[in-house]
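Structure first, then comments.
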Amino acid sequence: MVFLIQNTQNRDAKAVHLKLDELIRALKGARNELIDLEKLTDEDLASLEKQFLRVRKKAERNGNDRGGKTRSNHSQRASKGKGIQAPH
């Protein structure tokens with residue numbers, strides 16, 4: 001029974017990874033280096049986590065939300081149907 005649950009979880013996780021990979025590839029400006037993150041070492045993942053923390057803190061200091069857009073710009077873009085931009 002445990003094997004069956006693990007197998008299902010592994011398949012679900014793989015499917016999620018593939019979907020995320022597709023989204024990364026499809027987004028203009030997204031970093032393709034983020035594909036296959038699950039294959040990185042723990043040290044590399046920790047480094048990447050620190051990088052995203054710095055990006056988030058910089059965005060917060062600049063009055064931006066987590067998506068890197070100001071709240072007023074975010075509302076305007078959402079109403080125009082613009083896509084999400086990758087963090088810089």
Side-chain angles (χ1 to χ4, degrees):
M1 185 63 150
V2 172
F3 176 75
L4 180 61
I5 293 171
Q6 276 185 321
N7 187 34
T8 301
Q9 288 175 336
N10 290 342
R11 290 184 68 219
D12 289 347
K14 185 64 175 176
V16 169
H17 286 296
L18 291 170
K19 290 175 184 180
L20 290 173
D21 289 350
E22 177 63 17
L23 290 173
I24 291 168
R25 286 185 195 102
L27 288 174
K28 180 179 179 182
R31 296 184 294 171
N32 287 334
E33 300 86 38
L34 298 180
I35 296 173
D36 293 332
L37 286 180
E38 65 276 8
K39 295 179 182 176
L40 294 179
T41 65
D42 289 340
E43 293 81 19
D44 290 337
L45 288 173
S47 176
L48 187 61
E49 184 178 22
K50 288 177 186 177
Q51 180 182 4
F52 275 107
L53 180 61
R54 286 191 302 270
V55 169
R56 188 178 77 227
K57 285 182 178 181
K58 182 180 177 184
E60 289 170 354
R61 282 193 306 270
N62 293 332
N64 297 343
D65 64 15
R66 288 185 177 168
K69 300 173 190 72
T70 63
R71 296 189 198 295
S72 61
N73 287 344
H74 181 69
S75 298
Q76 292 169 353
R77 287 185 177 162
S79 66
K80 293 180 181 178
K82 298 283 183 181
I84 300 170
Q85 294 181 358
H88 298 285

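Taken to the nearest 0.5 Å, the CD1 atom of I35 stands 9.0 Å off from the CD atom of E22. Within the model, atoms NZ of K58 and CG of L53 stand 14.0 Å from one another, a figure rounded to the nearest 0.5 Å.
Taking the side-chain contact (heavy atoms from CB on, under 4.5 Å) definition, one finds that L40 meets it with L37, D44, L45, sequence neighbours left out. Taking the side-chain contact (heavy atoms from CB on, under 4.5 Å) definition, one finds that E38 meets it with H17, D36, sequence neighbours left out. Considering only residues two or more places apart in sequence or on other chains, Q51 meets the side-chain contact (heavy atoms from CB on, under 4.5 Å) condition with R31, L48, R54.
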For residues 2-15, run the donor-acceptor check on the side chains, cut-off 3.5 Å, and write out each pair with its distance to 0.1 Å, sequence neighbours left out.
residue : atom : partner : partner atom : Å
T8      : OG1  : L4      : O            : 3.0
N10     : ND2  : Q6      : O            : 3.3

